[in-house]
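Structure first, then comments.
Numbers here are sequence positions counted from 1. All values below come from the heavy atoms of this structure, side chains included, with hydrogens, waters and symmetry mates left out. Just so it is clear, the structure is predicted and the values come from calculations on it, not from any experiment.
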Amino acid sequence: VGEPELLVEPMVPQLVRNKPGTVVLGLRDSQSGAFTDATITVNGQQFLSRNGHVSVTLTPVDAVQTLDVVIDQPGYQFVRKQIRLPVSTTWAGHPFGVDANQELAAWRRKIMSQLP
């Protein structure tokens, strides 16, 4: 009690089902907002953050990946939380040069041809 809290936030992971991926967690001091180094346990595996960031490699198998996070760092409040991350079945977006919707692509070309 009276100690600052460490905030743990995922940094926009793009996880795909059944494919290895990396989740980067940012650790911030709740009072200053500065990235802070700490020892963190994620899904039972211990990590030491570097410049306030931890990279966790995993292979999600469900539509939602749950990370069980525990931080017991001197000078900060004890943290135990679950972080739920969405997992897609395919990569978001399309490769360059490929348009998923041909009708939309045709309208886009027509509009672009009308612009000065």
Side-chain heavy atoms nearer than 4.5 Å, only ILVMFWY residues, links allowed to pass through others: does that put Val70 and Phe47 together? no

Applying the 4.5 Å side-chain criterion to the ILVMFWY set and letting contacts propagate, would Ile40 and Val79 be lumped into a single cluster? yes

Can you tell me how far apart [atom1] ([X]) and [atom2] ([Y]) are? Round to the nearest 0.5 Å.
X: Ser88; Y: Gln14; atom1: OG; atom2: CD; answer: 7.5 Å
X: Met11; Y: Thr22; atom1: CE; atom2: OG1; answer: 14.0 Å
X: Lys81; Y: Leu7; atom1: NZ; atom2: CG; answer: 7.5 Å
X: Ile83; Y: Gln65; atom1: CD1; atom2: CD; answer: 11.0 Å
X: Leu67; Y: Thr41; atom1: CG; atom2: OG1; answer: 12.5 Å
X: Leu6; Y: Gln73; atom1: CG; atom2: CD; answer: 7.0 Å

Between the main-chain N or O of [Y] and the side-chain N or O of [X], is there a donor-acceptor pair closer than 3.5 Å?
X: Asp37; Y: Asn51; value: yes
X: Asn43; Y: Asp68; value: yes
X: Gln77; Y: Glu3; value: yes

Show me the donor-acceptor pairs within less than 3.5 Å that the side chains of residues 23-32 make with the rest of the protein, sequence neighbours left out.
{"unit_1": "Arg28", "atom_1": "NH1", "unit_2": "Gly33", "atom_2": "O", "d": "2.7"}
{"unit_1": "Asp29", "atom_1": "OD1", "unit_2": "Gln31", "atom_2": "N", "d": "2.7"}
{"unit_1": "Asp29", "atom_1": "OD1", "unit_2": "Ser32", "atom_2": "N", "d": "3.0"}
{"unit_1": "Asp29", "atom_1": "OD2", "unit_2": "Tyr76", "atom_2": "OH", "d": "2.9"}
{"unit_1": "Ser30", "atom_1": "OG", "unit_2": "Glu5", "atom_2": "N", "d": "3.1"}
{"unit_1": "Ser30", "atom_1": "OG", "unit_2": "Glu5", "atom_2": "O", "d": "3.0"}
{"unit_1": "Ser32", "atom_1": "OG", "unit_2": "Ala34", "atom_2": "N", "d": "3.2"}

Locate the shortest heavy-atom distance separating Ala38 from Ser49; write the atom from each residue and the value. N-OG, 2.8 Å

Scanning both residues in full, the closest heavy-atom pair of Gly75 with Pro4 reads O-CD, 3.3 Å

Does the pair Leu58 and Leu15 meet the rule for a side-chain contact (heavy atoms from CB on, under 4.5 Å), with working shown? CA-CA 9 Å; Leu58 47 87; Leu15 298 175; 4.0 Å; yes

With a cutoff of under 4.5 Å between side-chain heavy atoms, which Ile, Leu, Val, Met, Phe, Trp and Tyr residues group with Leu48? none

